[in-house]
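Take a look at the structure set out below.
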Amino acid sequence: MLFAGLVLGAGLPLLFALGIRSLAWGAGGEAEVHESGVTGPKAQPIGTVLAFVLFAIVVLGIALGITFVVASGFGKALSFEHIYPTIVPKH
């Protein structure tokens, strides 16, 4: 449970922050012209793709957490016997 708490407690916000950083990297800085007339770094499309992948992982983690809470409220359990999580009766 300690590992799960660390992953969900610090891991998801870390992935979200990396997603935001990847979005900034993906957007580049060509729209801004600095006082010296030098433009910022060029856009990197892979940064935008990486950001959406990271955001999808965060959304899946949140959905899994909500599913766990709802299943517990109905007296059920979340099982990982298969590749995907399923809701099963508590034993």
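Computed from heavy atoms alone, side chains included, the values below leave out hydrogens, waters and symmetry copies. Start at 1 with the first residue, then count along the sequence.
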Flag yes if more than 12 heavy atoms outside Phe16 fall under 6.0 Å of its CZ atom; otherwise flag no.
no
My understanding is that only residues two or more places apart in sequence, or in another chain, count here; which of them pass side chain to side chain contact (heavy atoms under 4.5 Å, CB included) with Leu50?
Ser22, Leu54
Do you know the tightest heavy-atom contact between Ile57 and Leu12?
O-CD2, 4.3 Å
Residue pair Leu15 / Phe55, side-chain heavy-atom distance below 4.5 Å:
no
Listing, residues 59-77 side-chain donor-acceptor contacts under 3.5 Å, not counting sequence neighbours, or none:
{"residue": "Thr67", "atom": "OG1", "partner": "Ala63", "partner atom": "O", "Å": "2.7"}
{"residue": "Ser72", "atom": "OG", "partner": "Phe68", "partner atom": "O", "Å": "3.0"}

All N/O donor-acceptor pairs, side-chain side in residues 78-85, below 3.5 Å, sequence neighbours left out:
{"residue": "Ser79", "atom": "OG", "partner": "Glu81", "partner atom": "N", "Å": "3.3"}

